[in-house]
There are 2 protein chains.
Amino acid sequence: MRIDVDAFKVLEVLVEEGSFAKAAERLHKAQSAVSYQIKKLEQHLGVNLFCRDQYRAELTPEGKVILAEGQRLLQYLANIEHLASRFSEGWEPKLELVIDGALPMEPIMKALKRMAAHQIPTKIQLNMEFLGGVQARFERDNADLMLVKDYRTGPNYRPQSLPDITSILVVAASHPLAVEENISLFELQRHVELTIEDSSPEISYQDELQFGGDKVFYLSGFIMKKNALEMGLGFGWMPDFLIHDELKRGELVEVDFSGGSRHSFTPKLVSTMERPLGKAGRLFTELIMEEFDRAEL
Amino acid sequence: MRIDVDAFKVLEVLVEEGSFAKAAERLHKAQSAVSYQIKKLEQHLGVNLFCRDQYRAELTPEGKVILAEGQRLLQYLANIEHLASRFSEGWEPKLELVIDGALPMEPIMKALKRMAAHQIPTKIQLNMEFLGGVQARFERDNADLMLVKDYRTGPNYRPQSLPDITSILVVAASHPLAVEENISLFELQRHVELTIEDSSPEISYQDELQFGGDKVFYLSGFIMKKNALEMGLGFGWMPDFLIHDELKRGELVEVDFSGGSRHSFTPKLVSTMERPLGKAGRLFTELIMEEFDRAEL
DNA sequence: ACATACCATCTATTTTATAGATTAACTCAC
DNA sequence: GTGAGTTAATCTATAAAATAGATGGTATGT
C-alpha cells in the first residue's frame, strides 16, 4: 500500500498544535486517529518522527526534515488540484495558434503578453507560417485558432474579420522600375519578382497576387523579403505596416503598375466548430481584436 | 477526504498499458478496481481524464497534463521515501561541524567535497570559530563534531588526534624584531603582539601562547592577522602552513625569541558520547583523517 | 454473424480508518 | 507527597473505503 499523503497534513497540524489531542480537535478527529496515522506514517517511512521519551512527544531531527518535505509535497498536490479546478472552469489545457507571417506581430505579441498576465493554466503554442502553410498547419495539427491573411473556407470554420491591411507593390528607389510610369504587366514580368515561399508541405494554391513572370525569387519570411527589396533585387508586395518608414525615407517606392499597386485584404481569425474554443481561446480572441483595433487608430 | 496519490500511479500504468484490463493485470488488481480509482480521481479533480466516446477510452488533453503533473508528484513522494530510508539506514538528518580557524582549510574542504560526492541525505552545517569560541559554539549548538586546536576536556568527550601542526613566532622583515637576536620576554613585551580575537561570547580561557604584554592587537581571523604581520604592525604566532611562502620569500621572518619561536600542537577531532555520530559523522571523520594524513606528506 | 475485447456498473467481501474507552506515565499546584 | 489534570499509546467496535468477481452493453475485426 502506498503512503497516505493525508498523514503529512496530520503531521503538519500536529507539529503546529504541539499535542495529539489539540491536533485531533482541529482536524475534527479522535485523538486515537491521529496517533494511528502518525504511527502508520512512521512505519511506512521506517523513521521515528517523534521522540516519545519525554512527556510531550517531540519531533526528531529526521521528523523535521520529513515534515518540511511533506509540506512541499502537499503544496504540489494542492497545485495539481488548482490546475484541475481551472480545467473544470473551462480553461483548456493547451491553446495552439497558427499565425500568418504577413500579419503585424506587434498586436499579436501584445495580446499574448496580456494573456500571460492573466495567470491562466493554459499552455500556449504559437506557430508562424506563410501563405498556404498557415491553413495546412492549422489542419494538420488540429490547432485551435489561425490568424490568416486569406484561407480556403472549410466545412465548419468560424471566421472573424480583423481590420483591413494594405499591401503595396514596391521596389527599391535605385531599381529601374522605380522611375517608370504606368507600367504594364508585360513590362513587370521582365523583372525579378520577390515572393514569400509557401511554407505548406505540399504544393499549395498559388497566391493570387503573383504576376506569373518567370523570374521569381522565393524568400522565407518578410524580413528577408524586405532586405532583398532594399537591395534592389526585384519588386514585390509588402504589407504597408512593414515598410512605412522606408517609403517615407524614399528608400522604397511604390511601383506605378497599370493594374494597381495597392491591394487590401481582410485578415481573419478562424476557429473551427469541430474544436470549440475554451476560455483561453475566447480570451485570446477578445484581446487580439482589441489590439488590432487599437493598432488601427 | 484528500486525494489518493495511488490513483496517479494507476493512471500512469493505465496510460502505459492503454487498457483498463491490462493495467489491472499489471497492478494485480481487478479491472473494476481500476475503473473505480480513475472515476474517483476524475470526481475529485472535477476533470474528465478520459474520453469514453470511442471504443478504447482515450486520454483527454487535460488528462495528459494531469498525468504529467501526477508523475512529478509520485517522483517527489518517492524522493521522500528514499530520504526516509537513508535516515533509517543510520544517516543523520543534519551534521553540525565547528572548526577552528587556526587549522588548514584545504583538507577540510577536500573532505567536505568528497562528502558531497557521496550523495548523502545529510545536511551539513559548517561554522568557523576562533580559540575558545570553537568549544563554546560546540556546546551551545549541541554540534556533532569540532575540529579544534585545543579544548578543555569535558565529561563525555571522545577526541581523536590529527597530525601535528607547528606555529611559528614571526614578524615582518622590516620590523625591528626581525634583526634582533636572542630576544628576551621583556624585550618582546615592548612591541605590539598580534592575536586572533577569541570568538566565544563570554570571556574565555586565555590562549596559552600569549605573552602578557600590554600592546596587543586583536584581529578577527588569520587572513587579517597575516596582513597585519606583513605590514609590520607587530609580531605573533602563525601556523606554518599559512606562512610557508612568505617565510621562503623572506617577507616574514622567525623571531629569535629566547623562550622558543616554535610551538607545535595536536589538532583534535572531538565528538561527544551524548550525541553519537551517525553515518555521515563517521564518514566525515574517516575522510578528514585521510585528508590530514595526506596533507602531511 | 460470431468471437473477442473493452469498460461501466452492481454486489459481496475484505481491508482500512475512525471513534470511544481505557490505561500508564507524566506535570503541576497545593 | 498527593491528587487533579494532561498526554499519548492501545484496545475494541464500527463506519468507511477499496477491491474482487460477476454481469451487461457496446465496439472491433474477421
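Letters go in sequence order (proteins before strands), and every chain restarts at 1. Since we're looking at a predicted model, the values are computed, not measured.
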In this structure, how many angstroms lie between the [atom2] atom of [N] and the [atom1] atom of [X], rounded?
X	N	atom1	atom2	answer
A:Gln43	C:dT16	CD	P	12 Å
B:Gln31	D:dA20	CD	C1'	11 Å
B:Glu42	C:dA8	CD	P	8 Å
B:Phe20	D:dG21	CZ	C1'	18 Å

Residue list, salt bridge (charged side-chain N to carboxylate O under 4.0 Å, His left out) with A:Lys9, at least two apart or on another chain
A:Glu12
Checking A:Gln160 against A:Lys268: is there a side-chain donor and acceptor pair closer than 3.5 Å?
no
Could you check whether B:Gln31 and B:Ser35, counting side-chain N and O atoms only, form a donor-acceptor pair closer than 3.5 Å?
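Distance-only check passes for B:Ser35 and B:Gln31.
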Short side-chain N/O contact to C:dC6 OP1/OP2 from B:Lys22, under 4.0 Å
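Answer is yes, contact under 4.0 Å.
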For C:dC7, does OP1 or OP2 lie under 4.0 Å from any side-chain N or O of B:Lys39?
no
Enumerate, atom names and distances included, each donor-acceptor pair closer than 3.5 Å involving a side-chain atom of residues 135-145 of chain B, sequence neighbours excluded.
residue, atom, partner, partner atom, Å
B:Gln135, OE1, B:Arg152, N, 2.9
B:Gln135, NE2, B:Glu139, OE2, 3.0
B:Gln135, NE2, B:Arg152, O, 2.8
B:Arg137, NE, B:Asp141, OD2, 3.2
B:Arg137, NH1, B:Glu129, OE2, 2.7
B:Glu139, OE2, B:Tyr157, OH, 2.6
B:Asn142, OD1, B:Arg275, NH2, 3.3
B:Asp144, OD2, B:Glu96, N, 2.6

Bend angle of the helix from C:dA1-D:dT30 to C:dC30-D:dG1 from five-pair axes at both ends, rounded to 10°?
30°
Going through the distances and angles, do A:Asp100 and A:Lys149 end up as a salt bridge (Lys or Arg N to Asp or Glu O under 4.0 Å)?
CA-CA 6 Å; A:Asp100 192 323; A:Lys149 179 172 164 287; over 6 Å; no
N/O to N/O distances under 3.5 Å, protein versus nucleotides 15-19 of chain D:
residue, atom, partner, partner atom, Å
D:dA18, OP1, B:Lys40, NZ, 2.9
D:dA18, OP2, B:Tyr36, OH, 2.4
D:dT19, OP1, B:Lys29, NZ, 2.3
D:dT19, OP2, B:Gln37, NE2, 3.0

Identify the two heavy atoms, one from A:Leu269 and one from A:Leu147, that lie closest to each other, and give their separation to 0.1 Å.
CD1-CG, 3.6 Å
Is the shortest side-chain N to carboxylate O distance from A:Lys22 to A:Glu16 below 4.0 Å?
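Not counted as a salt bridge, because no side-chain N and carboxylate O are separated by less than 4.0 Å.
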Indicate yes or no: does B:Arg86 engage B:Glu89 in a salt bridge with an N to O separation below 4.0 Å.
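B:Glu89 and B:Arg86: salt-bridged.
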Checking A:Arg282 side chain against A:Leu277 main chain: does a donor-acceptor pair fall under 3.5 Å?
yes
Mind listing the side-chain donor-acceptor pairs of residues 115-124 of chain A below 3.5 Å, one per line with the distance, residues two or more places apart or on another chain?
residue, atom, partner, partner atom, Å
A:His118, ND1, A:Arg114, O, 2.8
A:Thr122, OG1, A:Glu92, O, 2.6

4.5 Å side-chain heavy-atom contact, A:Pro93 and B:Glu62:
yes
Residues in contact with DNA chain D, drawn from residues 46-60 of chain A - heavy-atom cutoff 4.0 Å:
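Going residue by residue through residues 46-60 of chain A, the ones with a heavy atom under 4.0 Å of DNA chain D turn out to be A:Arg52, A:Tyr55, A:Arg56, A:Ala57.
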What contact category does B:Ser19 fall into here, base, sugar-phosphate, or nothing, at under 4.0 angstrom with non-hydrogen atoms?
sugar-phosphate
